[in-house]
Amino acid sequence: FILCFSLSNTYEKWFFSAIDSLVNEDFDNTRKYVRKCRQIIDRDFIALVGESYDRAYGCMVSAQQLAELEESIDYLQSKNDLKHQKDIHKMWNNKPFRR
């Protein structure tokens with residue numbers, strides 16, 4: 001699937017590459033791909049926010065998805081720190097959209 005995006009520099013390419021590397025516990029590449037995603041949505045967000053909130057909403061959702069990917073990296077890298085994992089669980093369970 002990722003090969004379909006291999007020649008493009010799109011948010012989707014880097015987002016799915018980040019997910020793939022997260023699944024494979026390649027956290028350095030996951031962070032690299034998340035940075036590439038942020039560069040793309042930052043550029044798009046700046047252009048769209050001047051037009052309307054509705055146009056910029058997709059970029060805000062993408063930014064939230066990237067933040068959650070970074071939280072997942074943090075969680076997976078803290079395998080030996082059960083207190084930190086418990087704190088992340090608590091944070092996830094207390095998010096307003098989780099209720």
Side-chain angles (χ1 to χ4, degrees):
F1 178 73
I2 303 238
L3 293 175
C4 296
F5 295 112
S6 64
L7 298 178
S8 62
N9 185 30
T10 64
Y11 174 84
E12 290 81 9
K13 172 190 176 178
W14 300 119
F15 182 74
F16 289 117
S17 295
I19 291 172
D20 183 56
S21 42
L22 180 68
V23 167
N24 291 306
E25 297 189 7
D26 182 358
F27 305 120
D28 291 335
N29 275 326
T30 305
R31 289 185 194 282
K32 179 176 81 173
Y33 299 143
V34 166
R35 279 192 303 275
K36 289 184 179 286
C37 286
R38 284 197 192 285
Q39 291 170 348
I40 292 169
I41 63 170
D42 285 351
R43 179 193 64 219
D44 292 346
F45 183 74
I46 290 168
L48 294 173
V49 77
E51 295 177 26
S52 75
Y53 173 82
D54 290 340
R55 298 274 322 248
Y57 183 77
C59 288
M60 289 188 286
V61 170
S62 296
Q64 179 62 37
Q65 290 172 329
L66 296 175
E68 290 180 2
L69 272 175
E70 290 170 325
E71 291 170 0
S72 297
I73 294 168
D74 191 27
Y75 179 83
L76 291 170
Q77 285 187 313
S78 64
K79 287 180 180 176
N80 296 326
D81 187 349
L82 296 179
K83 183 190 179 317
H84 187 63
Q85 282 190 337
K86 185 176 179 181
D87 291 343
I88 293 171
H89 271 248
K90 186 176 178 181
M91 176 187 64
W92 284 342
N93 288 327
N94 289 328
K95 286 187 178 184
F97 59 86
R98 303 269 189 224
R99 293 179 184 203

### Task
Name all pairs fulfilling the side chain to side chain donor-acceptor pair (under 3.5 Å) condition that reach into residues 37-52, sequence neighbours left out, sorted by first residue then second.
Arg38-Glu70, Glu51-Arg55

#### Entry: Euclidean distance, Ser78 OG relative to Ile73 CD1, rounded to 0.5 Å
12.0 Å

### Query
Would you call the rings of Tyr11 and Phe15 parallel, tilted or perpendicular, where under 30° means parallel and over 60° means perpendicular?
parallel

### Query
Are Met60 and Val34 in one and the same hydrophobic cluster, where Ile, Leu, Val, Met, Phe, Trp and Tyr link if side-chain heavy atoms are under 4.5 Å apart?
no

### Summary
In this structure, CG of Asp26 is separated from CG of Asn29 (nearest 0.5 Å) by 4.0 Å

### Query
Roughly how far apart are Lys36 NZ and Thr10 OG1, rounded to 0.5 Å?
12.0 Å

### Query
Taking side chain as C-beta onward, heavy atoms only, is Ile41 less than 4.5 Å from Phe45?
no

### Message
Checking His89 against Tyr75: is there a side-chain donor and acceptor pair closer than 3.5 Å?
### Response
yes

### Message
Going by the rule side-chain contact (heavy atoms from CB on, under 4.5 Å), which residues pair with Lys83 if we only count those two or more places apart in sequence or in a different chain?
### Response
Asp81, Asp87

### Message
Quick one, Ile19 and Thr30 - any side-chain contact, counting heavy atoms below 4.5 Å?
### Response
no

### Message
Show me the pairs that pass ring pair (Phe, Tyr, Trp, His ring centres under 6.0 Å) and involve residues 17-42, at least two apart or across chains.
### Response
Trp14-Tyr33

### Task
Is it possible for you to say whether Ile46 and Tyr57 belong to one hydrophobic cluster, with membership spreading through side-chain heavy-atom contacts below 4.5 Å?
no

### Message
Side chains of Glu71 and Met91, heavy atoms from C-beta outward: is any pair under 4.5 Å?
### Response
yes

### Query
For the atom pair OG (Ser21) and CZ (Arg31), what is the distance rounded to the nearest 0.5 Å?
11.0 Å

## Note on the structure
Taken to the nearest 0.5 Å, the spacing of Glu12 CD from Ile40 CD1 works out to 8.5 Å

### Query
Is any side-chain heavy atom of Lys32 closer than 4.5 Å to a side-chain heavy atom of Arg35?
yes

### Message
Measuring from atom SG of Cys37 to atom NZ of Lys13, what distance do you get when rounded to the nearest 0.5 angstrom?
### Response
11.0 Å

### Query
Stepwise, does the side-chain contact (heavy atoms from CB on, under 4.5 Å) test hold for Glu25 with Lys79?
CA-CA 12 Å; Glu25 297 189 7; Lys79 287 180 180 176; 3.1 Å; yes

### Message
Are more than 12 heavy atoms, taken from residues, nucleotides or ligands other than Asn24, located less than 6.0 Å from that residue's CG atom?
### Response
yes

